[in-house]
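First up is the structure itself, then whatever we jot down about it.
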Amino acid sequence: MEVAIDAARRGIVAGQSPFGCAIAIDGKIVSACHNTVLLTTDITAHAEVNAIREACRRLDNIFLDNAIVATTCEPCPMCMSALHWARVKSVYFGATISDAAAAGFNELTIPAKKLISEGGGSVELIDDTMADACRQLFAEWKKMNPESAY
């Protein structure tokens, strides 16, 4: 999770929103990315999607079997679906969708666990991973980007 938090901080410094994601396979980090929605004007450029794209390119494979993912915030439905389709094994997250909404982000309030359960997915979700440090990213982002509109 520390690698994901560092990625989020790199994004904050670059004027992006406070989300980071790291993906490891067999104990080796294969990608660590932050959200680049504003930079790329691509609403799908969430940290998880960016990390999946990078990991798949590096591994030359669309599937990330046995991947362990650490993401600073509970995956939104789009990201959770992408993680499911990439066949990752586990997702650890810190802040929740509710935390993101409280920070001013336009979140769909479908919990990742509900999406996986109702959709018949098998991704293991582990919440509350360094949650305080992940929630702190929202405060850091607001301090550095007080006029950012989300």
Side-chain angles (χ1 to χ4, degrees), residues 1 3-24 29-64 67-123 125-127 129-131 133-150:
M1 183 61 81
V3 174
I5 290 170
D6 289 345
R9 285 195 171 114
R10 285 194 310 275
I12 292 168
V13 169
Q16 301 303 298
S17 56
F19 301 95
C21 180
I23 300 176
I29 295 174
V30 293
S31 67
C33 297
H34 60 78
N35 184 305
T36 58
V37 167
L38 297 171
L39 176 68
T40 61
T41 60
D42 177 356
I43 202 66
T44 69
H46 290 196
E48 297 92 338
V49 171
N50 289 342
I52 290 168
R53 288 174 178 158
E54 182 175 285
C56 289
R57 274 193 305 270
R58 285 186 175 171
L59 298 171
D60 195 28
N61 194 335
I62 62 169
F63 300 120
L64 301 173
I68 305 298
V69 176
T71 184
T72 59
C73 191
E74 180 175 4
C76 72
M78 175 187 70
C79 292
M80 193 65 249
S81 295
L83 291 161
H84 162 79
W85 291 322
R87 299 183 183 172
V88 305
K89 178 181 178 181
S90 302
V91 175
Y92 292 78
F93 65 90
T96 65
I97 288 173
S98 296
D99 295 326
F105 290 89
N106 181 25
E107 297 299 318
L108 293 172
T109 57
I110 301 168
K113 286 184 179 183
K114 182 175 183 179
L115 184 63
I116 288 298
S117 173
E118 290 189 12
S122 63
V123 177
L125 292 165
I126 301 95
D127 60 0
T129 305
M130 297 181 66
C134 292
R135 281 190 288 269
Q136 178 61 32
L137 294 167
F138 294 122
E140 293 174 26
W141 171 73
K142 283 184 178 184
K143 183 177 180 183
M144 290 191 72
N145 301 283
E147 298 189 25
S148 186
Y150 258 94

Check: I110 and E118 side chains under 4.5 Å, non-hydrogen atoms: no
Validation row: Q136, I5 side chains within 4.5 angstrom (heavy atoms): no
Note, M144 side chain near V13 side chain (heavy atom, < 4.5 Å): yes
Between CG on residue N50 and CD1 on residue I52, distance to nearest 0.5 Å: 9.5 Å
Inter-residue atom distance S31.OG - E48.CD, 0.5 Å rounding: 11.0 Å
For residues 91-102, which side-chain donor-acceptor pairs fall under 3.5 Å, sequence neighbours excluded?
unit_1, atom_1, unit_2, atom_2, d
T96, OG1, S98, N, 3.3
T96, OG1, D99, N, 3.1
T96, OG1, D99, OD2, 3.2
D99, OD2, T96, N, 2.8
D99, OD2, R135, NH1, 3.4

Nearest-0.5 Å distance, CH2 of residue W141 to CG of residue N35: 10.0 Å
S90: side-chain hydrogen bond (donor to acceptor under 3.5 Å, both in side chains) partners, not counting sequence neighbours: E124
Donor-acceptor under 3.5 Å (Q16 side chain, L39 main chain): yes
Pairs flagged by side chain to side chain donor-acceptor pair (under 3.5 Å) wherever residues 3-13 is involved - sequence neighbours left out: R9-E140
Minimum heavy-atom distance G15-L38, with the two atoms named: O-CD1, 3.6 Å
CG-OG distance between L125 and S117, expressed to the nearest 0.5 angstrom: 10.5 Å
Between CE on residue M80 and CG on residue L115, distance to nearest 0.5 Å: 7.0 Å
Atom pair CG/CE of L83 and M78 - distance to nearest 0.5 Å: 10.0 Å
For D42, all residues meeting side-chain hydrogen bond (donor to acceptor under 3.5 Å, both in side chains), sequence neighbours excluded: T44
Over all atoms of both residues, closest heavy-atom pair of P18 and T72: O-OG1, 3.9 Å
Considering all heavy atoms, the nearest M1-C134 contact: SD-SG, 3.8 Å
P75 versus C79, closest heavy-atom pair with distance: CB-CB, 4.1 Å
With A47 via side-chain contact (heavy atoms from CB on, under 4.5 Å) - residues at least two apart: F19, C21
Shortest non-hydrogen contact from A4 toward A70: CB-O, 3.4 Å
Minimum side-chain heavy-atom gap I23-V88 below 4.5 Å: no
Side-chain heavy atoms of L64 within contact of C56, under 4.5 Å: yes
Pairs meeting criterion salt bridge (Lys or Arg N to Asp or Glu O under 4.0 Å) with involvement of residues 74-89, two or more places apart: none
